[in-house]
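Here is the naming used below: chain letters follow the sequence lines, and residue numbers restart at 1 for every chain.
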Amino acid sequence: MDYNFREIEKKWQQYWIDHQTYKVTEDASKQKYYVLDMFPYPSGAGLHVGHPLGYIASDIFSRYKRSQGFNVLHPMGYDAYGLPAEQYAIQTGQHPAITTRNNIARYREQLDKIGFSFDWSREVQTCDPAYYKWTQWAFIKMFHSYYCYDAQQARPIDELVDVFSREGSGRLNVACTEELNFSAEEWKAKSEVEKQQTLMNYRIAYLGDTMVNWCAALGTVLANDEVSEGLSIRGGYPVEQKKMRQWCLRVSAYAQRLLDGLDAVEWTDSLKETQRNWIGRSIGAEMQFKTQNGVSFDIFTTRADTIFGVTFMVLAPESELVQALTTGAQRAEVEAYLEKTKKKTERERIADKSVSGVFSGSYAIHPFTSEQIPIWISDYVLAGYGTGAIMAVPAHDSRDYAFARHFNLSIIPLIEGCDVSEESFDAKEGIMVNSGFLNGLTVKEAIPRAIDKIEDLGFGRRKVNYRLRDAIFSRQRYWGEPFPVYYKEGIPHTLPIDRLPLELPEVSKFLPTETGEPPLGHAMNWAWDEENETVVSTSLIDRKTVFPLELNTMPGFAGSSAYYLRYMDPHNDRGLVSEKADQYWRNVDLYVGGTEHATGHLIYSRFWNKFLHDLGVSAEEEPFKKLVNQGMIQGRSNFVYRIKNTNTFVSLNLKDQYDVTPIHVDVNIVSNDVLDMEAFKKWNPEYKTAEFILEDGKYLCGWAVEKMSKSMFNVVNPDDIVEKYGADTLRLYEMFLGPLEQSKPWDTNGIDGVHRFLRRLWNLFFDGDRLSVSDGEASKDELKSLHKLIKKVTSDIETFSFNTSVSAFMICANELTQLKCGNRSVLSDLLVCIAPFAPHIAEELWHLIGNQTSVCDAKWPAYNEEYLKEASFPYAISFNGKSRYVLEFPAEATQQEIEMAVLSHPNSAKWLDGKTPKKVIIVPKKIVNVVV
RNA sequence: GCUCGGAUGGUGGAAUGGUAGACACGCAAGACUUAAAAUCUUGUGACCAUAACGGUUGUGCGGGUUCAAGUCCCGCUCCGAGUACCA
């Protein structure tokens with residue numbers, strides 16, 4: 001009987017739907033296990049073979065855990081808000097909701113073909129109002145919260161109002177944008193508007209005037225993780241710095257907890273390191289410098305020990321101090337410099353390594369020596385880090401050194417024997433000199449000593465600084481979650497929670513308005529009637545109770561920050577997740593996804609979860625216990641070589657004899673690097689009359705590893721693989737390709753081997769057309785082969801080494817074929833082991849040999865060491881570490897017996913060369929090494 | 001620049017410090033076939049050698065530890081990823 005994978009896969013996929021095989025409910029009698037994939041953004045291009053890699057791995061793990069008796073939650077959904085659908089809408093007028101719906105349908109169809117064990121009844125889509133209701137809800141909660149450092153948690157903002165009216169802002173230890181100082185009386189004297197403005201300084205979701213990454217081409221601001229090297233990640237457009245009033249999330253308040261939490265999770269070291277760098281904790285001192293004209297300002301330094309080497313100060317051009325410290329004589333020059341730097345984009349500023357700056361005219365007073373120190377302005381100092389001002393120590397900082405050299409400022413070396421004639425000495429080692437009370441100390445001793453002294457004298461204090469900045473949460477886009485916010489006298493107010501969701505309105509255009517407002521400015525019905533608590537027409541804004549709604553929308557990461565919680569209880573309309581569901585599922589045990597989210601999604605969702613944890617909504621502090629990063633599957637492009645100015649193509653190994661141009665050719669008309677010439681002629685009208693110069697009667701194509709993309713013609717669609725070989729082959733082959741974490745090119749050259757294995761497995765159950773399975777005792781050899789497999793596969797799955805499991809299946813199937821194994825119990829256990837990898841064929845054979853229930857419900861077999869015991873073991877016999885021959889010894893042979901046998905063996909004579917051995921090392925069951 | 005990975009046959013890749021190259025692709029030879037495909041069997045790191053046995057060498061480079069190193073340590077080279085005027 002033939003292995004008809006098309007029929008089998010269709011049949012069982014339907015069976016699983018009909019029997020709701022993968023539906024899961026909370027079951028207190030079973031231990032839970034939560035396996036999650038990073039949900040996809042449904043792009044118009046559909047899935048390519050790279051996408052399912054992680055999904056297959058997590059599916060194997062889910063099925064394995066399930067057959068071990070765990071209650072496994074394995075959901076899937078869509079991150080459905082995003083730029084491409086909106087860009088497409090701008091170009092074509094097609095509503096993004098329609099594009100998104102179509103794309104989702106296409107994704108679903110593709111995913112279904114691969115046979116995943118997702119519980120689709122729990123599907124979520126971030127653009128669904130029933131879902132984003134809870135995104136908006138969380139935002140409102142953040143708006144009404146502040147972060148208390150003493151309690152190390154988010155607290156209701158009303159508490160803060162109480163404190164202000166009792167004792168003012170005096171002794172607060174809370175996260176804020178700016179340190180404010182006011183008394184209870186001053187608070188009470190504030191107008192309502194002033195009070196609201198003050199509270200903004202403390203809210204976790206706040207409106208702030210911050211420097212943002214503005215992308216003019218996309219018409220929106222972007223978060224730091226959406227920008228790389230001054231270009232937008234999506235589209236690669238230039239990004240400039242601009243001061244704008246935007247919604248922000250006070251992620252920085254959670255910096256320390258985000259850092260500490262990393263110790264508690266099982267992630268790869270490199271990913272933890274990436275997050276640590278992104279959070280960027282550095283310990284140092286904040287110091288106050290006075291100037292002669294009475295203004296004083298703070299700087300941050302990690303090198304307080306170098307205080308005696310300060311020869312100038314530098315302000316960031318954007319710093320507010322620039323105005324206060326620029327003297328009349330220098331004003332014109334400073335203005336010109338500010339104008340020049342403002343024009344530069346971030347990218348240009350990075351690319352431009354030349355030193356630039358301008359003297360402000362003012363001098364700071366050195367706190368220890370009382371010397372006058374010139375204050376400069378330069379764009380190498382960043383406004384967003386520390387205080388936007390630095391003390392420059394040219395001898396021990398390469399940037400300060402370059403600046404000092406360029407402007408001929410003095411350089412004072414502070415470390416014994418260091419040479420600063422050519423470059424600065426940046427290392428934190430050596431003995432201090434020229435440094436007053438620090439002389440004679442090592443750098444490591446001097447740093448804390450200097451800070452102590454600074455604190456004693458009241459010039460400054462110890463300070464921990466984080467690179468992590470607050471997340472900018474507004475986007476000037478249409479296709480995103482609307483903010484549940486309206487403005488009354490310019491002050492933002494949140495909608496009542498029971499009026500959520502605030503649904504995204506229809507707009508006539510997806511572009512910004514003529515007045516430069518975001519696309520929601522086109523909405524006809526986008527005002528809030530406070531009295532009736534409904535959305536009403538914008539034209540009613542003149543009425544007393546009707547106010548304009550927020551025109552910005554939320555960024556992409558808003559919807560993906562708590563989706564794992566929603567899967568626990570996706571249809572709940574009274575809460576994001578019920579306490580019962582949350583207490584049962586708690587957090588994600590295994591999260592599978594790409595590293596590209598290391599500094600975006602994985603920071604934001606950890607922050608979001610910590611906030612919800614503070615609210616008591618999420619049971620766990622960390623959302624993702626274990627995280628596995630699957631590697632990227634790259635494309636393997638094929639090339640044909642056209643002889644210049646002709647329509648003749650020459651095969652790979654002959655191309656050097658001609659002057660040729662390599663041309664990308666669709667990988668789908670190439671098989672094992674051999675071109676299908678007829679298909680090539682049809683592929684593009686230009687090649688209809690193509691002629692070929694062949695080698696061995698074939699046209700061989702060249703190849704290269706590149707990103708998988710349409711323009712390289714190297715996109716491989718999983719549907720085509722499923723059609724040709726079946727889903728089980730695709731699943732096994734993607735795993736067989738190499739280690740899960742590693743990036744690798746897609747290459748179909750080896751897929752036949754995996755497909756052959758499945759056919760051999762199939763044939764193992766048949767004798768001609770007859771099923772040949774019998775009951776009875778399994779033979780020793782059969783049990784040994786089976787249990788070797790169970791042991792190997794069990795440990796492989798636990799360590800995500802799926803590629804070697806596939807090899808183990810092949811070996812076992814071959815051994816059982818050799819043994820003509822037809823034993824029902826052996827074959828049953830074999831199927832249970834294979835089922836996570838190739839569920840369709842396993843299910844079919846499982847039923848054929850007489851089982852009534854699904855193989856998904858079968859219990860994972862335990863291996864028995866008894867069967868693996870060997871009667872004898874091969875020993876590698878080595879002389880001086882070089883292995884020479886192999887001998888078998890019974891398991892119970894003593895070391896003495898083995899030594900005797902080896903030394904008296906005829907093969908040994910040659911290596912002993914008449915000498916007596918100095919030492920014989922015997923590693924039981926492995927090796928005998930004779931040292932001569 | 002800094003941080004983290006990696007380098008093993010023609011190819012993808014296996015190897016708790018203990019017979020390097022499992023498994024698969026590819027290739028070669030053979031069987032079946034009028035033929036091809038499919039399938040099955042055998043061989044396959046390189047070099048030397050043979051009637052046959054066999055030997056030498058070999059995990060990016062140079063050292064070290066060890067009876068024994070792809071694996072551990074030190075110093076490089078190259079490749080990949082992340083990140084960066086972060087004071």
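- Taking atom P in both C86(B) and C79(B), the straight-line distance is 25 Å, to the nearest Å.
- C23(B) and G45(B) have their P atoms separated by 12 Å, given to the nearest Å.
- Distance check on atom P: A24(B) versus U44(B) gives 14 Å, rounded to whole Å.
- Looking at residues two or more places apart in sequence or on another chain, you find a side-chain hydrogen bond (donor to acceptor under 3.5 Å, both in side chains) between H601(A) and Y591(A).
- A15(B) and A31(B) have their C1' atoms separated by 35 Å, with the value rounded to a whole Å.
- Residue D379(A) contributes atom CG, which lies 15 Å from atom C1' of A84(B) at whole-angstrom precision.
- Nucleic acid contact class of R469(A) (heavy atoms, under 4.0 Å, all strands): base.
- In this structure, D400(A) atom CG and A87(B) atom C1' are separated by 7 Å, rounded to whole Å.
- C53(B) sits 14 Å from G43(B) when the P atoms are compared, rounded to a whole Å.
- To the nearest whole angstrom, the two P atoms, one in U65(B) and one in C74(B), are 15 Å apart.
- Taking only distance into account, the side chain of N749(A) never meets the base of C25(B) through a donor-acceptor pair shorter than 3.5 Å.
- Applying the side-chain hydrogen bond (donor to acceptor under 3.5 Å, both in side chains) test to S424(A) and every residue at least two apart in sequence or in another chain returns D426(A).
- Look at the C1' atom in both C4(B) and U19(B): the space between them is 35 Å, to the nearest Å.
- Here the CZ-CD1 distance, from F873(A) to I927(A), works out to 15.5 Å after rounding to the nearest 0.5 Å.
- Here S883(A) reaches the OP1 or OP2 of A20(B): one of its side-chain N or O atoms lies under 4.0 Å away.
- Sorted by first and then second residue, the side chain to side chain donor-acceptor pair (under 3.5 Å) pairs with a member in residues 302-314 of chain A read R303(A)-D305(A); sequence neighbours excluded.
- Distance from the side chain of N803(A) is smallest to G13(B) among C40(B), G18(B), G13(B).
- For the pair Q742(A) and G13(B), the criterion of a side-chain N or O lying under 4.0 Å from OP1 or OP2 is met.
- The side chain of R884(A) has U56(B) as its nearest neighbour among C86(B), U56(B), A68(B).
- Atom CZ of R760(A) sits about 14.0 Å away from atom CZ of F809(A), to the nearest 0.5 Å.
- Here F5(A) pairs with Y3(A), E9(A), H755(A) under the side-chain contact (heavy atoms from CB on, under 4.5 Å) rule; sequence neighbours left out.
- Nucleotide G80(B) carries an anti base; the chi torsion (O4'-C1'-N9-C4 or O4'-C1'-N1-C2) is more than 90° from 0.
- Within the nucleic acid shown, R756(A) comes within 4.0 Å of sugar-phosphate atoms alone, with no base atom in reach, counting heavy atoms only.
- Put simply, Y385(A) has a side-chain N or O that comes within less than 4.0 Å of OP1 or OP2 on A87(B).
- Residues from residues 804-818 of chain A placing a heavy atom under 4.0 Å of any atom in RNA chain B, listed by number, are T804(A), S807(A), M810(A), I811(A), N814(A).
- Each of G13(B), A87(B), G18(B) was ranked by its minimum atom distance to the side chain of P739(A); first place goes to G13(B).
- Picking from G13(B), A87(B), C4(B) the nucleotide with the shortest atom distance to the side chain of L382(A) gives A87(B).
- The residue T274(A) sits close only to the backbone: its heavy atoms come under 4.0 Å of sugar-phosphate atoms, none of a base.
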Return a table of donor-acceptor pairs under 3.5 angstrom between the side chains of residues 731-741 of chain A and protein atoms on other chains or two or more places apart.
residue: R731(A); atom: NE; partner: F837(A); partner atom: O; Å: 2.9
residue: R731(A); atom: NH1; partner: D59(A); partner atom: OD2; Å: 3.0
residue: R731(A); atom: NH1; partner: I114(A); partner atom: O; Å: 3.3
residue: R731(A); atom: NH1; partner: G115(A); partner atom: O; Å: 3.0
residue: R731(A); atom: NH2; partner: D59(A); partner atom: OD2; Å: 2.8
residue: R731(A); atom: NH2; partner: P836(A); partner atom: O; Å: 2.8
residue: Y733(A); atom: OH; partner: D747(A); partner atom: O; Å: 2.3
residue: Y733(A); atom: OH; partner: G750(A); partner atom: N; Å: 3.4
residue: E734(A); atom: OE1; partner: L53(A); partner atom: N; Å: 3.4

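- Nucleic acid contact class of K910(A) (heavy atoms, under 4.0 Å, all strands): sugar-phosphate only.
- Between R467(A) and A84(B) there is a side-chain polar atom (N or O) within less than 4.0 angstrom of OP1 or OP2.
- The nucleotide whose nearest atom lies closest to any side-chain atom of F736(A) is, among C23(B), G13(B), C67(B), C23(B).
- Taking atom P on both nucleotides, C25(B) is separated from G6(B) by 28 Å, rounded to a whole Å.
- Between U56(B), U39(B), C67(B), one nucleotide has an atom nearer to the side chain of V931(A) than all others, and that is C67(B).
- Nucleic acid contact class of I390(A) (heavy atoms, under 4.0 Å, all strands): base.
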